[in-house]
Structures are given as structure tokens and as C-alpha cells.
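So the structure is just underneath, and the comments pick up after that.
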Amino acid sequence: MRIMNPIRALALSAVIAAPFLTAPVSSQTVKQDTFEHSIPASGSTDIHKLIGAPSAEVTIAGVKHNAVIVVDISKNVLYKYDNEGHPEAAYLVASGKKSTPTHTGVRIVTHTETFPYKNAPANSKRRRAPRDYGPKIICLNKIDTNTAEQSPTGEFIHGNNNPNSIGKYASHGCIRMDNEVIKQLSQQIKRGDIVIIQK
């Protein structure tokens, strides 16, 4: 049996591998492969798109909880979880712009509100400009993970009046969603559910 010269074999390997090592990756390819661009505003339950979902586990005042919603604002993706902490769906959302960023932390659902938000405080923006919030609002309080004390933030999860803003950093701090999705999601959550907002 003829044995190839080791140096020649090495050179041949380099020639074969060179195109794979040096071929540039176009910016268009990178953009198409970016995870968040594969998640539609209407949502996805594709297991391959849920593999990268963050953990829903959080400890509050020494007690472990599973969040029902985790929002990853680095991707502008909202993940919905079951009671066991398993991701069920992912949705593309909008979050706060640079001048009014969405704050990270743990939130708790206080209640939901429905357009035209007649029960909201008279001086609130959602009462004065209800169309900005779409058909539903999931109202949230900030919760201190050490003490479980709650405080208002003014940042909610709600619908939108500009579908083109979804997937962008465009809000005043709230999480904006597709209007049909927020109607469904508001029926799936309840008072006391935990929401995590992270980067």
C-alpha cells in the first residue's frame, strides 16, 4: 500500500480546508441568523426557537418561584412559561428606547385592564391616551426579591398603536406586543404571577 508523504498530505489538507477557514460571512447572513429575527410578533412555539429561553426560576424572600413571563430585552423577546417553568411560546416585542429604557428586575402582576381604560386613574397616561396602549394592559409592580415588598414602576406589558415598532427599542419603558397576542396573554396570566425582565 502506498503511503502519502506526510508533508504533502498536510498541504493538501490545508488547501481543502482553506475555503472554509477564510470564506467571509456576509452581514446579510448574520442578520438572518440572529435569533430574535426568527421570532414573529404573533409568536412561535417551535421547540428549536425555545431552546435558548432563559431560566424562569427566581427566589423571592427565600422562596423559589417560576416566572410565567421572562422578557429578554437584549433580544426584545418575551417568553411565556407553564407553571413548571418550561417555555411554551416566544414573542417579538418592543421595549424602551435609549432615552427611556426598560428597567430590568422582577415584577408581579397586579391586574389587567381593557381599552379604553376607564377604570385607570384619571391623571394616568393610559386614561388620557388609551389608543397608545392597544386593547389590553398587564399591570405590574416591582417586587424586591429580598423582602417581597412591592412598588409601582409605571412600566407595563401592553398592546400598541404602531405595529412597525415591534422588535425595536421604541417605547417609554413599557413592553409593547402584538395586539392579538396581548389579548390572549392577558387571559392566560393572573394576579400574583411573576414576570422577570432581563438583559
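These values consider heavy atoms only, across backbone and side chains, with no hydrogens, waters or symmetry-generated copies. When a residue number appears, it is its place in the shown sequence, counting from 1.
- Applying the side-chain hydrogen bond (donor to acceptor under 3.5 Å, both in side chains) rule to pairs touching residues 56-68 yields nothing, sequence neighbours excluded.
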Side chain to side chain contact (heavy atoms under 4.5 Å, CB included) between His103 and Thr153: does it pass, once the steps are laid out? CA-CA 9 Å; His103 296 95; Thr153 66; over 6 Å; no
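- Panel note: side chain Lys168, backbone Asn164; a donor-acceptor pair is recorded below 3.5 Å.
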side-chain hydrogen bond (donor to acceptor under 3.5 Å, both in side chains) evaluation trace for Arg191 with Thr110: CA-CA 5 Å; Arg191 179 182 174 88; Thr110 60; 5.6 Å; no
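- Listed here is the closest heavy atom pair of Val70 and Ala56: CG2-CA, 4.1 Å.
- Between Arg107 atom CZ and Ile143 atom CD1 the span is 10.5 Å, to the nearest 0.5 Å.
- Tracing side-chain contacts under 4.5 Å through hydrophobic residues (I, L, V, M, F, W, Y), one reaches Leu78 starting from Val195; they form part of the same cluster.
- Following chains of ILVMFWY side-chain contacts shorter than 4.5 Å, one cannot reach Ile60 starting from Ile69, and the two form parts of different hydrophobic clusters.
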Kindly determine whether Ser44 and Asp46 satisfy side-chain hydrogen bond (donor to acceptor under 3.5 Å, both in side chains), including the steps that lead there. CA-CA 6 Å; Ser44 175; Asp46 185 338; 5.1 Å; no
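- The residue from Val58, Asn141, Asp144, Ile197 that alone fulfils the side-chain contact (heavy atoms from CB on, under 4.5 Å) condition with Val106 is Val58.
- Tyr81 and Ile157 end up in different hydrophobic clusters when Ile, Leu, Val, Met, Phe, Trp and Tyr side chains are linked at under 4.5 Å.
- Rounding to the nearest 0.5 angstrom, the gap separating the CG atom in Asp178 from the CG atom in Leu185 is 11.0 Å.
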Determine, stepwise, if the pair Tyr133 / Glu113 fulfils side chain to side chain contact (heavy atoms under 4.5 Å, CB included). CA-CA 10 Å; Tyr133 293 81; Glu113 294 181 2; over 6 Å; no
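- Taking NE2 of His111 as the reference point, atom SG of Cys139 lies at 3.5 Å (rounded to 0.5 Å).
- Looking at residues two or more places apart in sequence or on another chain, you find a side-chain hydrogen bond (donor to acceptor under 3.5 Å, both in side chains) between Glu180 and Lys183.
- Using a 4.5 Å heavy-atom cutoff, the side chains of Pro116 and Arg126 are not in contact.
- Cluster annotation: Ile166 is not connected to Val71 through the hydrophobic network of ILVMFWY side chains, with a link wherever side-chain heavy atoms come within less than 4.5 Å.
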Donor-acceptor contacts under 3.5 Å from residues 85-99 side chains, at least two apart:
from, atom 1, to, atom 2, distance (Å)
His86, ND1, Asp82, OD2, 3.4
Glu88, OE1, Lys80, NZ, 3.0
Ser95, OG, Asn76, OD1, 2.6

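- A donor-acceptor pair under 3.5 Å links the side-chain atoms of Asn179 to the main chain of Asn160, judged by distance alone.
- Distance alone, capped at 3.5 Å, places no donor-acceptor pair between the Thr102 side chain and the Ile73 backbone.
- In this structure, Lys49 contributes its side chain and Ser38 its backbone to a donor-acceptor pair below 3.5 Å.
- Judged as a side-chain hydrogen bond (donor to acceptor under 3.5 Å, both in side chains), the pairs with a partner in residues 114-124 (not counting sequence neighbours) are, in order, Thr114-Lys136.
- With sequence neighbours excluded, the residues that form a salt bridge (Lys or Arg N to Asp or Glu O under 4.0 Å) with Asp193 are Lys190.
- With rounding to the nearest 0.5 angstrom, the CE atom of Met177 is 9.0 Å from the CD atom of Gln184.
- Annotation for Lys199 and Thr104: closest pair CG-CG2, 3.7 Å, computed over non-hydrogen atoms.
- Hydrophobic clustering of Ile, Leu, Val, Met, Phe, Trp and Tyr side chains at less than 4.5 Å, counting indirect connections, keeps Leu140 apart from Ile137.
- Heavy-atom minimum distance, Thr45 versus Leu50: O-CD1, 3.9 Å.
- Residue Gln198 comes nearest to Pro54 through the heavy atom pair NE2-CB, 3.3 Å, listed as atom of the first residue, atom of the second, then distance.
- Taken from CG in Asp132 to SG in Cys174, the straight-line distance is 10.5 Å, to the nearest 0.5 Å.
- Side chain of Ser186 to backbone of Ile138: no donor-acceptor contact under 3.5 angstrom is found.
- Taking the salt bridge (Lys or Arg N to Asp or Glu O under 4.0 Å) definition, one finds that Lys125 meets it with nothing, sequence neighbours left out.
- Rounding to the nearest 0.5 Å gives a distance of 6.5 Å between CZ of Arg176 and NE2 of His158.
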